Amino acid sequence: MKNIGVLTGGGDCPGLNAAIRAVVRHAIDAYSFNVIGFKRGWAGPLEGLIEPLTKYAVSGILPKGGTILGTSRTNPDKVEDGYLMIKENVKKFGLDAIIAIGGNDTLGVAGNLQLKYDVPCVCIPKTIDNDVACTDYTIGFDTAVSIATSAIDNLHSTAESHDRVMVVEVMGRHAGWIAAFSGLAGGADLILVPEKPFNIDEICEVLKKRHKRRGKSFSIIVAAEGATSDDGRLNVTTDKTDAFGHVILGGLGVALSSEVERRLGFEARYAILGHIQRGGTPTPSDRILATRLGVKAVDLVARGETGKMVGISGGSVVSVPVMDIVETDKRGHYVGKTKTLDMEFYETAKVFFG
Ligand code: F6P
């Protein structure tokens, strides 16, 4: 019999509860493990915030958005002896492993715990941004794409009725996965991603040509929040950063729509989807992904195969060493490696630009 602690860290996303349910149900039914939940991301193991996770506790949570455990962007590196405090608590609770469900920041912490502090971890990748290395998809991405696509569909009809340019700003700090997928699915006339700095003159040229064509006096631009212009003028950031040092973004849609209006005289509006993309009920694909990854994570713990991340590759559930999903920063700390957009998707979407 083993003891497992499970946590969700970083930004919430639909499918986290499905993953927690899978971990708890499989751990209890197949192996009679004891499972505790850590509250509020890495704050849980740091401060010893726990709750027992029984089958009863996870009953009915499969279709629910958010996370019953709560989450936070707590970074143990920002707390004196933070990592040692976690190690101590893992010992105190008699845990054989932590199952960390998170994106690059959360999994980077798991990497440090596993590789530097010898705390056994198994990682499950989640983030609407889909930017975790060594997995084709992360939990939450499919739901975010579906929300963004339906927003683009709605904005299409109003843009068309008013002859407007509509800029739809989606999340995607370092990677343009949501922008490319929702733009492809929603028939965007232009897509801007962080991987490819955009040129405002070129954008205006495309829009001008498109609006000259009969019956095409409206346009939809899907822009990832982290996209930047090649002249550095439309790189929209705030002066605030989170606990992992990421600048809080937001506002590209505002800047871009007013620039387009100023240059071309076309009426332009923006819609910033923001956290709407992270909420609500998970799609069937996200529930299935979360369930498959949760079950596999428990199987790894049972086999003593900690120090790994579960993921999806070519449709199959796989596991990879934690070492493969991290890299070191300037201080020699492990941080999650960013998986940027596979530009094949962008090139396909580009066929339909203009
Ligand atoms: O989870 C990643 C992400 O969705 C980014 O795309 C976005 O910049 C960030 O979260 C926003 O996070 P917060 O909820 O802390 O504002």
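We count ligands from 1, going down the list as the structure has it; atoms in each ligand are counted the same way. None of the values given here were measured: they were computed from a predicted structure.
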Charged N to carboxylate O below 4.0 Å: is that the case for [X] and [Y]?
X      : Y      : result
Glu327 : Lys337 : no
Asp131 : Lys339 : no
Lys39  : Glu51  : yes

Which of the numbered atoms in ligand 1 are below 4.0 angstrom from a heavy atom of [X]?
X      : result
Ile128 : 4 (O)
Arg173 : 6 (O), 8 (O), 9 (C)
His275 : 13 (P), 14 (O), 16 (O)

* To do: Flag the pair Phe353 / Tyr346 as yes when their ring centroid distance falls below 6.0 Å, and as no otherwise.
  =>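 Ring centroids of Phe353 and Tyr346 are less than 6.0 Å from each other.
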Please determine whether any non-hydrogen atom of [X] lies less than 4.0 Å from an atom of ligand 1.
X      : value
Gly10  : no
Arg278 : yes
Gln277 : no
Asp242 : no

* Asked: Taking the six-membered ring of Phe218 as reference, does the NZ or CZ atom of Arg210 fall below 6.0 Å from its centre and within a 45° cone about the axis?
  ->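 Positive - Arg210 is close enough to the ring of Phe218 and near enough to its axis.
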* Asked: Are the side chain of Asn3 and the backbone N or O of Gly94 linked by a donor-acceptor pair below 3.5 Å?
  ->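 It does hold such a pair.
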* Asked: If you measure from atom 6 (O) of ligand 1 to every heavy atom of His246, Glu225, Lys240, which option wins on shortest distance?
  ->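 Comparing heavy atoms across His246, Glu225, Lys240, the nearest one to atom 6 (O) of ligand 1 lies in Glu225.
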* Donor + acceptor pair across side chains of Thr283, Asp142 (<3.5 Å) ->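 Per modelled atom types, Thr283 and Asp142 side chains form a pair under 3.5 Å.
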Closest protein heavy atom to [atom], given as residue, atom name and distance to 0.1 Å:
atom                    : result
atom 5 (C) of ligand 1  : Asp129 OD2, 3.3 Å
atom 4 (O) of ligand 1  : Met171 SD, 3.1 Å
atom 15 (O) of ligand 1 : Arg73 NE, 2.9 Å

* Should the ring pair Tyr31 and His26 be called parallel, tilted or perpendicular, given that the plane angle runs from 0 to 90° and is split at 30 and 60? ->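 If you compare the ring of Tyr31 with that of His26, the planes turn out perpendicular.
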